[in-house]
Every structure is written in structure tokens, then in C-alpha cells.
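Fair warning: this is a prediction, and the values are worked out from it, not measured in the lab. Numbers here simply count residues along the sequence, with the first being 1.
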Amino acid sequence: SILATGMRVSPSTILIRIAATLICLAACGISPVFAQQGLASDTGFDSCKQWTIDRIEKNHIKLKGAVECKRGDMQFFAEELESWTDTHRVVVSGNVTFREQGAQISADRADFNTETRLGTFYNGSGFASVAAQAKRSPMGGQEPDVYFYGDTIEKIGFDRYRITRGGFTTCIQPTPRWQITSGAVTD
């Protein structure tokens with residue numbers, strides 16, 4: 001790496017400088033904001049971690065920077081999360097990952113209701129478990145996971161999704177042996 005002064009600096013020197021800066025920031029009390037019990041109830045989640053937090057209004061909070069929020073078995077990871085606690089709505093953006101038991105969806109952004117656990121993911125892909133164990137036979141069988149993608153993925157029920165301009169498969173090969181694609185699919 002070449003700095004503006006024209007001097008070469010090794011990657012290990014850069015890492016040492018970054019580590020030293022982080023240690024200095026921590027010594028000064030500057031660190032990621034970790035949700036206290038009061039903040040967790042303000043966001044509608046059991047716990048949250050993020051770099052910054054802004055209260056926009058009484059029931060509207062914005063979390064920014066490496067956001068991780070958890071409620072029961074449901075988790076969101078993103079760069080930014082806005083929460084409206086009076087309506088249980090969250091809008092999540094930037095490298096969004098949503099996890100709950102047996103399913104994961106990654107997307108550019110999402111609009112989600114934490115109470116009903118329903119919402120829409122934009123430009124996303126994911127997987128969901130459809131069987132506890134694979135039923136294998138010489139003629140094929142039921143694979144345990146389904147993989148899906150779409151311009152929009154709507155979670156419309158506990159284990160139901162509507163995919164728009166996308167598809168799904170149970171094949172795990174890089175080029176699936178089969179897949180279903182459509183303008184809209186509901187499973």
C-alpha cells in the first residue's frame with residue numbers, strides 16, 4: 001500500500017495502526033453502543049448492538065453500523081435498522097440478513113413486522129428447511145432444504161413465501177439440476 005506521502009506501508013503495519021486506534025478509542029470510552037434493557041424494549045427487540053442510535057420520535061428509533069437485533073429466535077443483521085415500536089414495523093437496509101428457526105433470507109433491504117413476523121425482502125435470496133431429514137431413495141426424494149431467490153420475497157405466513165420474479169430449487173449444485181422460475185410463485 002502506498003500512502004499519500006509515497007511511502008510503502010505493509011498490510012501488517014496498517015493492521016497494527018488500526019488496532020492501536022481502536023484501543024485508544026476504547027480507552028476514551030468510544031465503542032459500539034450496546035443496547036441496555038430499556039433500549040431493547042424501545043426497539044421492539046430483546047437485544048440490539050450497533051455503532052450509533054438516534055431517537056427520531058417517541059416510537060421511532062434508527063440504529064446504524066453493524067446492527068444486530070434479536071427477538072426470541074428471530075435475528076436481523078444489517079447496516080441500518082429503523083424501528084417504529086407502536087406499529088411493530090422495522091425497515092432494514094444494507095447487507096440485510098434475517099434468521100429464524102429453519103430459515104435465512106439475505107437481501108438489500110426489508111420491511112418487516114416483528115409482531116406478526118411477516119414482511120417483504122427486496123432483491124433477496126435464502127433457504128428454508130422443509131423436512132427434518134432428507135427422504136432418500138434410488139429414484140430421488142425430498143431434500144431437507146429449499147433454496148430461493150427473487151426481486152421480492154414476501155413472508156406471508158409461518159412457513160409460506162411469495163416470490164416475485166425469481167425461483168426456487170432443492171438442488172445444491174452450483175448449476176441446479178432443476179429449478180422453478182416464474183413471474184410470481186407462492187409456496
Side-chain angles (χ1 to χ4, degrees), residues 34-35 37-50 52-134 142-172 176 179-187:
F34 294 97
Q37 188 60 31
L39 175 61
S41 64
D42 285 353
T43 61
F45 289 92
D46 299 333
S47 64
C48 288
K49 298 177 186 177
Q50 70 285 326
T52 64
I53 181 168
D54 295 318
R55 182 176 295 277
I56 310 301
E57 294 176 354
K58 179 182 176 190
N59 295 312
H60 183 191
I61 295 174
K62 183 182 277 191
L63 310 175
K64 292 182 186 177
V67 176
E68 297 178 21
C69 289
K70 183 176 182 177
R71 180 177 180 181
D73 73 336
M74 176 177 62
Q75 294 178 295
F76 273 102
F77 302 88
E79 293 304 315
E80 189 173 289
L81 181 143
E82 285 191 71
S83 174
W84 290 265
T85 56
D86 54 340
T87 60
H88 308 286
R89 178 181 179 217
V90 295
V91 173
V92 193
S93 59
N95 299 311
V96 174
T97 298
F98 167 76
R99 289 185 192 153
E100 66 180 350
Q101 187 173 352
Q104 176 174 307
I105 301 173
S106 296
D108 290 341
R109 61 186 175 93
D111 194 329
F112 198 82
N113 184 299
T114 58
E115 190 70 22
T116 64
R117 292 179 164 225
L118 306 178
T120 304
F121 299 84
Y122 299 91
N123 193 29
S125 63
F127 67 88
S129 296
V130 293
Q133 273 187 315
Q142 175 68 50
E143 295 296 327
D145 296 322
V146 62
Y147 303 91
F148 50 87
Y149 63 93
D151 287 352
T152 61
I153 300 168
E154 296 173 76
K155 188 172 187 303
I156 58 174
F158 174 72
D159 59 355
R160 293 193 51 154
Y161 299 89
R162 179 180 298 123
I163 301 167
T164 304
R165 289 182 299 284
F168 68 94
T169 185
T170 58
C171 293
I172 58 173
Q179 69 176 339
I180 295 177
T181 59
S182 179
V185 175
T186 302
D187 178 36

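- Using a 3.5 Å distance cut-off with no hydrogens or angles, the side chains of N59 and T85 do pair a donor with an acceptor.
- Aromatic pair F148/Y161: centroids less than 6.0 angstrom apart.
- Taking CD1 of I56 as the start and CD1 of I61 as the end, the distance is 9.0 Å to the nearest 0.5 Å.
- Defined by atom type and a distance below 3.5 Å, a donor-acceptor pair is present between the side-chain atoms of D145 and S129.
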(request) Tell me, with the steps shown, if C69 and L63 meet side-chain contact (heavy atoms from CB on, under 4.5 Å). (result) CA-CA 10 Å; C69 289; L63 310 175; 3.6 Å; yes
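- A distance-only check finds no donor-acceptor pair linking the side chain of S93 to the backbone of R109 [under 3.5 Å].
- The OG atom of S83 lies 9.5 Å from the NE2 atom of H88; values are rounded to the nearest 0.5 Å.
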(request) Please report the C-alpha distance between Y147 and F168 in whole Å, then the side-chain angles of each, then the deciding distance to 0.1 Å, and finally whether the ring-ring contact (aromatic ring centres under 6.0 Å, His included) criterion is met. (result) CA-CA 5 Å; Y147 303 91; F168 68 94; over 10 Å; no
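- The CD1 atom of I153 lies 8.5 Å from the CG atom of N123; values are rounded to the nearest 0.5 Å.
- Within the 4.5 Å cutoff, the side chain of V67 has no heavy atoms near those of the K49 side chain.
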(request) Let me see the working for M74 and T114 under side-chain contact (heavy atoms from CB on, under 4.5 Å), right down to the final yes or no. (result) CA-CA 9 Å; M74 176 177 62; T114 58; 4.0 Å; yes
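- At least one donor-acceptor pair closer than 3.5 Å links the side chain of K155 to the backbone N or O of G157.
- Residues forming a side chain to side chain donor-acceptor pair (under 3.5 Å) with Q75 (at least two apart in sequence, or on another chain): none.
- Separation of the F112 and F76 ring centroids falls under the 6.0 Å cut-off.
- Heavy-atom minimum distance, A78 versus V96: CB-CG2, 4.1 Å.
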(request) Under the side-chain contact (heavy atoms from CB on, under 4.5 Å) rule, what do K62 and E80 come out as? Steps first, then yes or no, please. (result) CA-CA 7 Å; K62 183 182 277 191; E80 189 173 289; 3.9 Å; yes
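- Classified by interplanar angle (parallel below 30°, tilted 30° to 60°, perpendicular above 60°), the ring pair H60/W84 is parallel.
- Using a distance-only test at 3.5 Å, with no hydrogens or angles considered, a donor-acceptor pair links the side chain of D73 to the main chain of Q101.
- With a 6.0 Å radius and a threshold of 12 heavy atoms from other residues, nucleotides or ligands, N113 has its CG atom above the threshold.
- Of the possible polar contacts, none joining the D151 side chain to the T164 backbone as a donor-acceptor pair under 3.5 Å is found.
- By the 6.0 Å and 45° rule, R71 does not stack over the aromatic ring of F45.
- To the nearest 0.5 Å, atom CD of residue Q50 and atom CD of residue E79 are 12.5 Å apart.
- A salt bridge links E100 to R117: at least one charged side-chain nitrogen sits closer than 4.0 Å to a carboxylate oxygen.
- The CD atom of E154 sits 11.5 Å away from the CZ atom of R160 when rounded to the nearest 0.5 Å.
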(message) Pair R165, T152 - check side-chain contact (heavy atoms from CB on, under 4.5 Å), show working.
(response) CA-CA 7 Å; R165 289 182 299 284; T152 61; 5.5 Å; no
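- Note that CD of E68 is 12.0 Å distant from CG of L81, once rounded to the nearest 0.5 Å.
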